[in-house]
Amino acid sequence: MDIKNIKKEFPIFKQKINGKSLVYLDSANSSQKPQVVIDKISNFYETEFSNVGRSVHTLAVKATNRFEASRDKVQKYLNAKHREEIIFTKGATEAINLVASSFGKKYVNNGDEILITELEHHSNYVPWHYLRLEKGAIIKFAQVNKDGDVEIEEIKKLITKKTKIIAITHISNVTGAILPIEKIIELAKEKNIPVLIDGTQGAPHSLIDMQKIDCDFYAISCHKMYGPNGLGILYMKKKWVDALPPYQGGGGMINEVKQQEITFADNHTKFEAGTMQTAEVVSFAESLNFIEELGITNIAKHENETLEYGLEKLRMNNSIKIIGSPKSRGSVLCFTLKDIHPHDIATILDEDGVAIRAGHHCCQILHEKLGMAATARASIGVYNDKEDMDKLSEAIKNCQKVFKN
Amino acid sequence: MDIKNIKKEFPIFKQKINGKSLVYLDSANSSQKPQVVIDKISNFYETEFSNVGRSVHTLAVKATNRFEASRDKVQKYLNAKHREEIIFTKGATEAINLVASSFGKKYVNNGDEILITELEHHSNYVPWHYLRLEKGAIIKFAQVNKDGDVEIEEIKKLITKKTKIIAITHISNVTGAILPIEKIIELAKEKNIPVLIDGTQGAPHSLIDMQKIDCDFYAISCHKMYGPNGLGILYMKKKWVDALPPYQGGGGMINEVKQQEITFADNHTKFEAGTMQTAEVVSFAESLNFIEELGITNIAKHENETLEYGLEKLRMNNSIKIIGSPKSRGSVLCFTLKDIHPHDIATILDEDGVAIRAGHHCCQILHEKLGMAATARASIGVYNDKEDMDKLSEAIKNCQKVFKN
Amino acid sequence: MDLKELYQEIILDHGKNPRNKGKCKDFTNDAKAHNPLCGDKVHIYLKLNKEKQIEDLSFEGEGCAISLASASILTELVKGKDLSFIKKITEEFLNMLKNKTKITINSITPDQMTTITSLSGVQEFPMRVKCATMAWHTLLSALEKK
Amino acid sequence: MDLKELYQEIILDHGKNPRNKGKCKDFTNDAKAHNPLCGDKVHIYLKLNKEKQIEDLSFEGEGCAISLASASILTELVKGKDLSFIKKITEEFLNMLKNKTKITINSITPDQMTTITSLSGVQEFPMRVKCATMAWHTLLSALEKK
Ligand SMILES: Cc1ncc(COP(=O)(O)O)c(C=O)c1O
Ligand SMILES: Cc1ncc(COP(=O)(O)O)c(C=O)c1O
């Protein structure tokens with residue numbers, strides 16, 4: 001496989017959109033899937049499907065082995081110390097809800113503080129808001145600076161004796177800022193405060209080494225990593241796996257169930273209630289194989305070059321305003337266009353086969369701060385290249401023509 | 001399509017298990033998938049995939065339309081009054097957790113009673129147990145009688161002024177008992193008590209008409225209905241959609257998000273936080289098409305005939321003890337074999353290609369009552385036939401030979 | 001799908017220079033709406049007189065060209081009209097976008113007809129239908145309030 | 001996979017007539033385990049003497065033929081033995097099931113060797129490995145307790 005030719009691994013690019021080749025620039029929303037991943041799903045359902053962990057017949061054994069092999073694969077990929085640190089969830093949103101609920105139940109009390117940032121996606125704010133409603137917790141927002149970054153000093157300033165957890169995004173899905181998570185984690189460790197990283201945008205674009213990052217929780221959405229829908233991963237440090245109470249209740253997560261009392265599993269399975277997403281878990285191993293074959297650092301390099309090229313192109317157009325100029329930028333490029341609303345941009349670009357997203361990208365706090373209800377966002381995946389950036393730039397010009405601007 | 005030939009619609013039956021044709025009798029655990037459903041998943045990922053509801057480009061429009069069309073399809077299939085009554089979840093387990101959490105938060109207080117039965121799957125007990133831990137609620141267990149049924153009188157006896165909700169299974173996944181849910185709902189309505197039906201085993205085997213059943217909540221696991229993994233449906237009566245607080249927090253379920261305050265969507269989307277299982281939802285429409293093409297009453301009839309035939313066969317073997325003799329039986333047949341542990345049975349049957357399940361089937365309370373730690377379970381799907389029952393019966397005899405019983 | 005149909009001159013004009021913007025004097029009714037998915041907002045103000053006619057109306061709003069144009073065109077069309085006209089034209093307008101039916105109401109001028117049908121291009125863009133209909137739904141809510 | 005390998009005569013015999021069942025007198029250590037997925041249970045009792053030998057041991061349990069046979073065989077093998085032998089044999093036994101290695105310990109009789117290797121058929125049935133290993137893990141826990 002070669003990154004230059006990688007589009008052909010993704011069947012979605014075979015079709016024409018409005019007669020044009022598809023320029024897919026919405027990967028921060030969800031990435032497209034390579035054929036190997038799609039085939040793995042079919043193949044699993046066709047030849048090995050069964051419920052896992054519960055039966056002893058041949059199909060159940062095959063499915064269980066595949067399922068647990070996938071956990072091993074994720075553990076290795078993330079370089080987590082223990083396989084029990086890998087918990088499968090419905091998505092990053094559920095992963096964060098799980099932590100907010102379980103951690104909150106046990107450790108957060110009236111007046112305790114939760115430190116997040118103005119950059120956070122609703123998925124890393126609403127779950128904590130529930131602790132505000134239920135426990136009287138206080139949510140503090142680290143401010144974003146004019147470049148779209150959150151600086152370490154800003155975090156430092158807000159930490160108090162009452163800070164119970166810090167929950168921050170790895171990469172902003174709007175400004176593209178790569179946050180200084182290592183430094184924040186170091187700082188938090190000095191004060192003995194656990195850190196949750198919303199890695200939804202981080203994991204698809206950077207080398208993730210849990211033992212190096214050394215955070216307490218890291219949330220991932222598999223569908224943004226060339227993987228299937230409906231699956232997420234929560235990395236949870238072993239000590240929290242041991243300490244936190246279970247989340248949802250149901251089959252598979254119990255130890256003993258009696259009429260007056262229930263005891264729970266003492267490992268990661270206490271967080272995995274009910275029938276799991278077997279086919280999704282199994283096929284996600286293929287997504288990781290795909291990423292590994294290309295190399296995540298090669299992917300990141302290719303995406304960066306593409307992004308930088310695109311930024312340069314767009315900067316040449318005086319009507320375009322790029323949102324944020326962070327010190328280092330992930331694969332996201334938000335912009336606005338003079339006198340043309342982002343929705344109109346998105347619709348008009350689509351006519352040229354260019355798929356971008358318009359809106360607040362689930363970051364209303366940040367958009368409020370920016371003084372904009374909506375922005376247009378082009379986000380990059382491994383399959384994008386400079387030609388895509390040229391087409392984006394041309395499509396924006398066409399858009400201006402439609403509006404006669 | 002013809003039920004007699006239906007095995008050929010399911011690719012799993014093309015393979016040999018230990019050199020034998022697969023006799024799959026573990027559908028109560030999870031059903032196999034017809035080719036049309038598997039193909040729909042691939043096809044969707046290959047040609048229409050995008051995140052739904054958030055972008056305005058062509059793929060997003062296609063995906064969103066398919067996604068919402070699937071909701072319409074489910075609404076029609078279940079004959080729900082409003083499309084807003086259909087909520088997509090990770091599975092029946094999440095559906096019940098959602099209700100226990102949201103309903104419990106608002107309506108359950110210290111000393112309030114939750115009425116369930118001894119037949120319940122852990123998924124319809126553990127979530128309520130959390131309300132015991134957190135709110136001081138009391139859980140009452142309607143007793144199962146010697147036939148494996150729960151009688152309406154038993155329910156009646158346990159209802160008090162403190163009963164806040166009744167949560168019962170439609171069909172037991174162990175005794176196969178079909179509970180008198182219509183009568184229980186009628187009774188509950190007189191007393192103004194909401195009823196949740198765990199329809200995990202009911203929906204795959206019976207005609208479900210929400211306006212006729214008229215319960216408040218009905219939980220379904222799609223993977224037991226010839227559908228994909230990782231998807232469930234919660235039917236929630238409109239008045240509860242309006243009244244209950246949201247469950248998980250994240251993208252898509254909000255109205256307005258500010259630093260001090262959050263308002264939530266006022267319809268079903270308040271229960272659907274984060275990126276949904278698009279491919280799963282879309283392909284589940286195919287599962288319903290598949291069921292409709294055969295007709296659910298035809299399926300039920302075929303399954304019943306198969307089951308009755310199997311029961312008769314097994315009753316001829318004096319070493320076999322059938323668990324439960326309910327008035328009407330769903331597609332489940334639990335049994336034990338004299339002096340042979342269910343696990344050994346399952347392993348030995350597998351050698352003959354017969355896939356059954358052994359264990360407590362996530363019903364420890366019931367197994368405690370039965371005085372058994374484990375039972376063997378053969379459960380029936382549309383693809384089973386009398387020949388499968390013959391093979392089951394023969395395989396049991398082989399098992400006795402191995403043990404020289 | 002045809003962009004030229006969607007972004008016709010009339011729409012671009014109304015989008016750039018929306019009529020009746022602001023808060024009209026002595027309004028008797030108002031209502032606002034907001035699309036949480038995209039952030040579009042509209043707030044409609046109107047003054048009902050004793051004859052149940054809309055004597056004056058205006059709107060405030062943020063949003064795309066389609067939503068601003070639709071609100072602007074709406075205010076032009078219903079100013080001075082009575083409730084039965086408003087109900088009818090709203091119904092026909094929503095039907096046009098949803099079911100691709102024609103506007104049949106005959107108490108509007110040919111110019112007004114051209115203007116309102118200029119929004120029919122939105123039919124082909126399902127994700128944008130909400131942009132065009134929000135103001136109209138909001139008008140109905142405003143009328144229901146007292 | 002071969003059922004005959006799994007359900008050998010020796011195993012069926014130990015499964016049906018497990019040795020050392022019950023609660024041994026004056027036990028000094030005990031531990032129990034339980035597999036929540038299938039309901040199997042085992043409780044091991046043992047009496048350690050001053051020389052750190054297992055003077056007596058027994059088990060209570062519920063479960064399949066494999067788990068009962070494994071517990072029964074275990075009790076026969078380690079009775080009267082010292083800690084170092086027990087550690088070694090347990091390690092080798094677990095390794096046999098996990099990595100398909102051979103038992104090499106030479107302080108057991110040929111009969112005992114036949115008996116313990118009769119459980120090697122479990123290797124081919126991954127879902128049943130836990131049944132065979134539970135008693136052995138439980139023995140180790142019992143020894144760790146004081
Ligand atoms: C009666 C019953 N309820 C609930 C469940 C839980 O369903 P799921 O594991 O798909 O969430 C099951 C199946 O395992 C069941 O049989
Ligand atoms: C930064 C960030 N956090 C969280 C999420 C939520 O992820 P999901 O919707 O897959 O649960 C997203 C994606 O939408 C995101 O971009």
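Heavy-atom neighbours of chain A within the stretch residues 10-21 of chain C, taken at a separation under 4.5 angstrom, comprise C:L12, C:K16. At a heavy-atom cut-off of under 4.5 Å, chain C is reached by A:Q364, A:A373, A:A374 from residues 364-374 of chain A, listed in order of number. Among residues 95-118 of chain C, no residue has any heavy atom closer than 4.5 Å to a heavy atom of chain A.
Counting non-hydrogen atoms of other residues, nucleotides and ligands closer than 6.0 Å to NZ of C:K81 gives a total above 12. Heavy atoms of other residues, nucleotides or ligands lying less than 6.0 angstrom from CD of A:E134 number more than 12. Applying the 6.0 Å contact sphere to NZ of A:K20 captures more than 12 heavy atoms from other residues, nucleotides or ligands. For C:K25, the NZ atom counts as loosely surrounded, since its 6.0 Å shell holds 12 or fewer non-hydrogen atoms of other residues, nucleotides or ligands. In this structure, C:K32 places its NZ atom where only 12 or fewer heavy-atom neighbours from other residues, nucleotides or ligands lie under 6.0 Å away.
Expressed to the nearest 0.5 Å, how far OG1 of A:T347 lies from OH of C:Y7 amounts to 4.5 Å.
Residue pairs meeting the side chain to side chain donor-acceptor pair (under 3.5 Å) criterion with at least one partner in residues 59-70 of chain C, sequence neighbours excluded, are C:Y45-C:E60, C:S70-C:W136.
The two residues A:D344 and C:A65 make their nearest non-hydrogen contact at OD2-N, 2.6 Å.
For C:N35, no part sits under 4.5 Å from any heavy atom of chain A, backbone or side chain. When heavy atoms are compared at a cutoff of 4.5 Å, C:E9 approaches chain A solely by way of its side chain, counted from C-beta outward.
C:I66 places none of its side-chain heavy atoms less than 4.5 Å from the side chain of A:H343. By the 4.5 Å heavy-atom criterion applied to side chains, A:H341 and C:L68 are not counted as neighbours.
Between C:K4 and A:E351, no side-chain nitrogen of the basic residue sits less than 4.0 Å from a carboxylate oxygen of the acidic one, so the salt-bridge criterion is not met.
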